[in-house]
Amino acid sequence: MLRANVSVPDMKLDADSCLSPVPSDPCAIVILGATGDLTSRKLMPALFSLYRNRGLPESFLIVGCGRTPWSDEVFRNRMADAIRAVHGGNLSEWQSFSNRLYYRALNYLDARSFADLARLLSTLETKHLTRGNRIFYLALPPSLYGPTALHLGDAGLGAESREGGGGARIVLEKPFGTDLATSRQLDQDLHEYFREHQVFRIDHFLAKETVQNILMFRFANSIFEPIWNRRYIDYVSIRANEQLGIEHRSGYYESTGVLRDMFQNHMMQLLALTAMEPPPRFEAELVRDEKAKVFSALRPFPVHAYDDALVLGQYAAGIVSGRPVPAYRGEAGVDSHSLTPTYAAMKVYLDNWRWQGVPFFISSGKRLSKKRTEIAIQFKPVPHAMFRNTLGAPISANRLILGIYPQERITLTFQTKNPGATVCLRTVTMDFDYHQNYSGPVLDAYEKALLDCMLGDQMLFWRQDGVELSWAFLSPILDACETCGDREQHLYPYAAGSKGPNERYRLYRTAAAPGPIAPEP
Ligand code: NDP
């Protein structure tokens with residue numbers, strides 16, 4: 001297949017006007033669960049990077065909390081190691097950053113610990129002039145979200161605004177509950193003291209540059225929107241393939257599985273961005289309104305015939321990047337008879353005018369051959385194949401691929417004439433590389449999410465109605481596949497390093513497209 005690049009004008013002038021706004025309000029960031037993986041691998045490196053790029057407010061402080069009895073000094077040393085592991089050995093400006101780092105041991109079940117935290121914050125806020133603006137980041141096991149939010153509120157730490165200062169915000173990571181009922185319970189706990197505009201339900205997928213670009217691509221160009229519907233689109237494929245297994249997170253993953261881990265949140269957001277209507281303005285509430293309408297339009301899943309619409313898999317032993325890796329059931333901490341799915345492919349429909357009858361194939365899995373996230377829009381074939389007699393072969397239809405990872409690019413395939421005397425078609429692509437001719441700063445997803453939280457911008461965060469609609473769609477599926485008697489027969493093994501269970505093709509056969517979609521190289 002031939003490739004033609006898209007030419008992009010030099011972006012230097014434009015880039016300056018696109019730089020991130022710097023939060024002007026001072027802020028105390030309190031990380032609960034600061035001894036954990038998320039803090040080391042994502043949060044602290046993101047905060048340090050923001051600091052070095054002048055993305056944090058002038059006055060800020062960071063308090064890490066956990067049950068582990070660390071001192072400030074131990075915390076600082078651990079965080080320096082964690083940041084070095086991500087950004088390399090040279091930690092210029094570390095000293096001035098680390099002077100704002102503190103640690104407080106905390107018992108999540110004891111109200112006195114939170115009263116103690118409140119006193120510590122008051123003292124530190126006087127020293128660092130952060131004026132009562134507080135972000136509480138729950139980097140904790142999800143079972144602690146509700147109780148911790150209640151304890152924070154009981155200790156007076158949930159106040160929306162304080163005299164002479166700002167207010168509290170609370171940030172939490174997926175999973176937002178494990179089903180509809182638990183997500184509602186969590187929401188109730190959160191809202192005991194925090195109002196919706198203080199709650200930031202993070203989905204780091206949404207903060208990826210290329211994911212944010214989906215809306216720009218769709219709604220800042222006039223040529224795609226008229227064909228972005230059932231008349232021209234045959235099907236849509238959304239996939240997020242991971243090469244990694246479950247790493248050290250067996251405790252979490254065993255009770256979660258791929259549907260809760262990926263579909264309830266990230267995959268639903270990609271679906272919403274692909275399918276939503278244009279909002280009247282690019283504002284958080286309006287964008288989230290349109291996303292909620294997409295979730296409302298999800299056709300209820302055919303739970304009594306779920307083989308037609310869902311394929312679940314679990315990785316067996318195999319080879320990934322030339323390295324032998326164990327089966328899921330052989331991973332440390334995983335039950336040797338576990339029925340937890342690590343792969344799912346699902347066919348869903350949206351019952352609305354734009355998308356009636358267009359299948360959306362959504363798939364995600366662990367230990368697949370390549371890490372790859374993309375959305376493929378498959379257009380319908382030409383209505384009349386006038387070259388049929390000349391070519392004797394079907395003409396490939398156009399396909400648009402919104403690459404999110406690792407190919408951060410947009411690719412459009414189309415047909416052209418092969419040079420030469422005979423009439424021959426060939427498929428060529430037009431490529432736009434997201435970073436082409438751009439040399440300005442690029443924010444990592446957690447940097448963007450933390451920055452938006454400091455700015456109070458909820459555009460890239462889940463709203464509770466979306467969470468509930470997503471669970472309302474998924475919960476019957478989870479019930480059906482977790483309670484069916486022949487659960488094991490519906491869980492197809494696939495070799496680690498493969499493309500998933502072959503049974504996934506079953507979903508595509510019933511679609512307009514007879515073969516596998518978006519063939520993998
Ligand atoms: P960890 O399992 O590393 O736990 C974080 C901290 O919570 C631990 O360091 C521990 O600190 C404390 N903790 C663990 N178990 C308990 C318990 N039973 N009771 C009280 N405290 C406990 O989690 P992660 O850092 O990986 O993730 C944090 C949250 O973010 C989770 O909800 C996770 O689902 C979510 N998340 C994580 C991602 C990641 O990449 N890691 C990605 C997306 C979401 P101590 O013992 O010191 O109290």
Side-chain angles (χ1 to χ4, degrees), residues 30-47 63-72 74-75 78-79 81-82 85-86 102-110 113-114 116-117 135-152 170-178 182-183 186 189-190 199-208 240 242-269 332-333 340 364 366 371 373 405 444-450 453 460-462 467:
V30 181
I31 304 177
L32 298 120
T35 58
D37 175 75
L38 183 71
T39 307
S40 300
R41 282 195 312 113
K42 301 289 183 191
L43 302 183
M44 208 48 87
L47 286 166
V63 181
C65 299
R67 296 169 306 175
T68 310
W70 283 351
S71 62
D72 291 344
V74 171
F75 181 56
R78 296 284 185 127
M79 293 305 111
D81 292 344
V86 174
Y102 300 87
Y103 184 83
R104 175 55 51 107
L106 190 83
N107 175 354
Y108 297 106
L109 305 176
D110 184 357
S113 271
F114 289 86
D116 193 31
L117 175 63
I135 293 176
F136 296 98
Y137 200 119
L138 308 191
L140 287 169
S143 58
L144 290 175
Y145 290 167
T148 304
L150 291 170
H151 274 311
L152 287 169
I170 189 163
V171 187
L172 52 154
E173 286 275 350
K174 57 124 202 214
F176 314 118
T178 53
T182 50
S183 85
L186 171 61
D189 291 345
L190 287 169
V199 180
F200 288 72
R201 298 176 195 83
I202 204 165
D203 189 323
H204 69 272
F205 255 56
L206 282 180
K208 289 176 190 281
E242 295 181 73
Q243 229 183 11
L244 287 177
I246 52 162
E247 306 304 289
H248 61 281
R249 304 181 77 209
S250 58
Y252 162 75
Y253 205 84
E254 267 288 81
S255 60
T256 306
V258 68
L259 292 176
R260 289 188 179 88
D261 186 45
M262 292 297 289
F263 280 65
Q264 192 278 328
N265 35 69
H266 309 316
M267 305 312 282
M268 283 294 156
Q269 285 291 346
T340 302
S364 178
K366 289 196 175 290
K371 180 168 167 62
T373 306
Y405 188 91
D444 143 85
Y446 275 92
E447 290 175 40
K448 171 72 177 153
L450 284 160
C453 184
L460 303 180
F461 296 81
W462 277 87
V467 174

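Note that the numbering runs from 1 along the sequence shown for the chain. Remember, it's 1-based here, ligands and their atoms both numbered in the order they're listed.
Considering backbone and side-chain N/O of Arg249, one or more are found under 3.5 Å from N/O of ligand 1. Checking only distances, Pro141 never comes within under 3.5 Å of ligand 1, N or O to N or O. Where the criterion is an N or O separation shorter than 3.5 Å, residue side chain and backbone included, Tyr446 fails it with respect to ligand 1. Checked by distance only, ligand 1 and Tyr108 stay at 3.5 Å or farther apart across all their nitrogen or oxygen atoms. Of the polar atoms of His204, none of the N or O atoms is found under 3.5 Å from an N or O of ligand 1, judged by distance alone. Considering backbone and side-chain N/O atoms, Gly36 comes within less than 3.5 Å of an N/O atom of ligand 1. Ligand 1 has an N or O atom lying under 3.5 Å from an N or O atom of Arg67, backbone or side chain. At under 3.5 Å, a nitrogen or oxygen of Leu38, whether backbone or side chain, sits near a nitrogen or oxygen of ligand 1.
Contact annotation for atom 34 (O) of ligand 1: protein present (non-hydrogen atoms, distance under 4.0 Å).
In summary, the side chains of Glu173 and Tyr137 do present a donor paired with an acceptor at a separation below 3.5 Å, with no hydrogens or angles considered.
The shortest heavy-atom contact between Phe205 and Thr373 is CE2-CG2, 4.0 Å. Smallest separation of non-hydrogen atoms from Ser250 and Gly333: OG-CA, 3.5 Å. When every heavy atom of Thr39 is checked against every heavy atom of Ala139, the shortest pair comes out as OG1-CB, 3.9 Å. Contact record, Leu244 with Lys366: O-CB, 3.4 Å, taken as the closest heavy-atom pair. In plain terms, the two heavy atoms of Trp462 and Phe176 that are nearest each other are CD1-CE1, 3.7 Å.
For atom 30 (O) of ligand 1, the nearest non-hydrogen atom from the set Glu173, Glu247, His266, Lys42 belongs to Glu173. Counting only non-hydrogen atoms, the option in Leu140, Asp261, Leu144 that gets closest to atom 32 (O) of ligand 1 is Leu140.
In summary, the atoms of ligand 1 found under 4.0 Å from a heavy atom of Pro142, numbered by their order in the structure, are 32 (O). Under a 4.0 Å criterion applied to the non-hydrogen atoms of Asp37, ligand 1 contributes the atoms 3 (O), 25 (O), 26 (O), 39 (C), 40 (O), 41 (N). For ligand 1, the atoms lying closer than 4.0 Å to a non-hydrogen atom of Pro175 are 34 (O). Below 4.0 Å from some heavy atom of Gly66 lie the following atoms of ligand 1, by number and element: 47 (O), 48 (O).
The single protein non-hydrogen atom nearest to atom 5 (C) of ligand 1 is Ala139 O, 3.4 Å, given as residue, atom name and distance. Atom 47 (O) of ligand 1 has its closest protein heavy atom at Thr68 OG1, 2.5 Å. Protein heavy atom in closest approach to atom 9 (O) of ligand 1: Thr35 OG1, 2.6 Å. Regarding atom 40 (O) of ligand 1, its nearest protein heavy-atom neighbour is Arg41 NH2, 2.8 Å.
Contact of the Ile31 side chain with the Val63 side chain is not registered, since no non-hydrogen atoms from C-beta on lie closer than 4.5 Å. At least one side-chain heavy atom of Glu242 sits less than 4.5 Å from a side-chain heavy atom of Met262.
Residue Val30 forms a side-chain contact (heavy atoms from CB on, under 4.5 Å) with just one option from Ile135, Leu106, Leu117, and that option is Leu117.
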Is there a ring-ring contact (aromatic ring centres under 6.0 Å, His included) between His204 and Tyr446? Walk through the geometry before answering. CA-CA 6 Å; His204 69 272; Tyr446 275 92; 5.4 Å; yes

Run the numbers on Tyr252 and Ile246 for side-chain contact (heavy atoms from CB on, under 4.5 Å), then give the verdict. CA-CA 9 Å; Tyr252 162 75; Ile246 52 162; over 6 Å; no

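Between Lys174 and Asp261, at least one side-chain nitrogen of the basic residue sits less than 4.0 Å from a carboxylate oxygen of the acidic one, meeting the salt-bridge criterion.
Distances from ligand 1 to the non-hydrogen atoms of Tyr145 include at least one value under 4.0 Å.
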